[in-house]
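Take a look at the structure below.
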Amino acid sequence: MKRWIARAGIGAVALVALACGKPKSKGGAIAASASVKELMAARGLTEADVEAALRTYVPSGKLDDYIVFASGGQSGQVLVIGAPSMRLLKLIGVYTPEPWQGYGYGGDGDAVLEGGKQNGHALEWADVHHPNLSETNGEYDGQVLFVNDKANARVAVVDLADFMTKQIVANPLAASDHGGTFVTQNTDYVIETSQYPAPLGREYAPLAEYKEKYRGVSVFWKFDRTTKRIDPNQSWALELPPYTQDLADAGKLDSDGWVFINSFNTEMAIGGTLEGKPPIESGASQNDMDYLHVIDWKKAEKLIADGKGQPIKGIRVLPLAVSAAERVITLIGEPKSPHGVDVTPDGKEIVVGGKLDTHATVYSFEKIKKLIDAQQFEGKDAYGLPILKFSDSIRGQAEIGLGPLHTVFDDKGNAYTSVFIESVVAKWSVKELKVIEKMPVHYNIGHILAAEGDTVSPDGKFVIAMNKMSLDRFSKVGPLYPQNFQLIGIDGEKMRMLADMPIGIGEPHYAQMIRADKLKPIKTYPLGENPYIGHKDPSATVAGQEKIVRKGNVVDVYMTAIRSHFTPDQIEVEQGDTVKLHITNLEQSEDQTHGFAISMHNVQLSLEPGRHENVTFVADKPGVYPMFCTEFCSALHLEMAGYLLVKPKAK
Ligand code: K7E
Ligand code: CUA
């Protein structure tokens, strides 16, 4: 029963019968078995409930068809969820230390978190907004995941070979970001755009000089496929006007080479509530139109290569004046404080969600391109950027409802827009610009995502409503309620609500759903591999070669771990020594992970089979400290232990 049992036509009773293995009766009538009916009655389940259960239930030992990578919001992590079961598979530590994975607790992962320092500060939290999978020819390729930290303007790279965070790059120009981390169709660039305008490079300038000195910025981080890392030296940026840039999307197919970024607060309101001035929220909602930024990034790339960029904090930035003169950035009006901007799968159109306007506006890339090529502008903004006429740039508008935010697509030409104030998913025809159906969601939907949704060929199977509020959906757990992911089937005539999943670790924003068979994670590491360097660690040790080497007050310990002991298991050092542990897990069988912790030292590692880790600390407090395995690995797991002895300094 791998395929969906029924298209719209077959009723729930039929599904129940099928699920129970009851053969169809001769006359074609199908009946649920008495025991299933009893169960339904006892649990108060309707036929629709049973049908939803059958569409999402993944029995023990069976695997999900899709994997969802969801933002963990303020937790700074990424959730990995199976769909349609909506089972949580993993939390990947990204910006926040994650003890189970031994990420940020004394091992080599500390260096990744170090890379995320801003202004010399270690930042222990992040607000993860938009996970984006790497693409090849506009299809998810399952290699890498990028996520941004809205709060501190950072971008992280998660390697999907082992589902580990390998790099955090700190944006030196902006103080916050939002429109990211969108990828170009072959992942040449990962794009990160600032949210709240500020002087580039985070210099000081008074708010009175907002229009002159404050700026937005879009960083084009160059992604290197061979190293699976962002290369900051090959990256560059575009100076943007101090409109509050919001969401963004990269063009694909016809619109490859272009990026679309929308904005609010083109009024450039700066608040001042204590002085009785209007807050930013009202100042920013005065104009009927804000600006969609249309960016020719291939032209910008060329100008940067020709030396037109000016370095700020080590990044080449293309000045606004150059972008204006060379028509790298063109503006088009967009109705009142929009939110999401989403390119259609064919790359031909751009859908902007109105937020304060009830429409989704569909821009035509072909029209835009023609107007730009013919230099048919209706004017310029205060920064000299050319503006296209709104009515000449769009194909039309769809009346969606109150608070349209984000839009995703299926394989049949339909769009699905999250409608925040109405708490619905609106399904509409892109061609007809007409709403077909609205599905209520619980409650206050933010983002929406679709199976293979941002590719050139969405699957049209599921969408997930990512709801900000859950009110009456779950058992009460104190005044901070979980968020609610709602899985909705979209492969039938009508949308079907299938499952709820509470998210209790933060407020997720976006997520992407990839076909599970596109992911090819490794099962074990080659013996001695350090995942952060991608090959065998120079300090990797094999059985029989373990040793303790002392040089001055530095003690190097070359260790191994195998069921169920560490070698060596007694380490004696002197107070004040720098201790360097180099531990190789000699296991080569699947799922045979050992942990490693030392009491009182904030050291905790995860040593998956074959993996090597290095730990450095100063033994500053004399005493006896147990060191032990923290992952239940065998019947003798508790015996997998030893001692670190720190001898007091001789007086
Ligand atoms: Cu709409 Cu940050 Cu993408 Cu939240 S954003 S919902
Ligand atoms: Cu090794 Cu528990």
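Note that ligands are numbered from 1 as they come in the structure, with each ligand's atoms numbered from 1 the same way. Only heavy atoms go into these numbers, but all of them, side chains included; no hydrogens, no water, no symmetry mates.
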Please report the C-alpha distance between Gln512 and Asn132 in whole Å, then the side-chain angles of each, then the deciding distance to 0.1 Å, and finally whether the side chain to side chain donor-acceptor pair (under 3.5 Å) criterion is met.
CA-CA 7 Å; Gln512 284 187 331; Asn132 271 259; 3.3 Å; yes
Would you call the rings of Trp297 and Phe220 parallel, tilted or perpendicular if under 30° counts as parallel and over 60° as perpendicular?
tilted
Who are the ring pair (Phe, Tyr, Trp, His ring centres under 6.0 Å) partners of Phe420, not counting sequence neighbours?
none
Taking atom types as modelled, is there a side-chain donor on Tyr95 or Asn152 under 3.5 Å from an acceptor on the other?
no
Report the residues that fulfil side chain to side chain donor-acceptor pair (under 3.5 Å) with Trp125, sequence neighbours left out, ordered by chain and then residue number.
none
Is it the case that the side chain of Glu422 and the backbone of Leu402 share a donor-acceptor pair, with hydrogens and angles ignored and the cut-off at 3.5 Å?
yes
Give me the protein N, O or S atoms that fall under 2.8 Å of atom 3 (Cu) of ligand 1, sorted by chain and residue number.
His130 NE2, His447 NE2
Would you call the rings of Tyr510 and His447 parallel, tilted or perpendicular, taking 30° and 60° as the class edges?
tilted
Classify the ring geometry between His178 and His130 as parallel (under 30°), tilted (30 to 60°) or perpendicular (over 60°).
tilted
Have a look at Glu587 and tell me which of His594, Arg611, Gln592 forms a side chain to side chain donor-acceptor pair (under 3.5 Å) with it.
His594
I need the protein N, O or S atoms closer than 2.8 Å to atom 2 (Cu) of ligand 2, given as residue plus atom name.
Cys629 SG, Glu631 O, Cys633 SG, His637 ND1
Show the numbers, then the answer: is there a side chain to side chain donor-acceptor pair (under 3.5 Å) between His406 and Asp342?
CA-CA 7 Å; His406 299 281; Asp342 297 284; 4.7 Å; no
Interfacing atoms of ligand 1 (cut-off 4.0 Å, heavy-atom, Lys468):
4 (Cu), 6 (S)
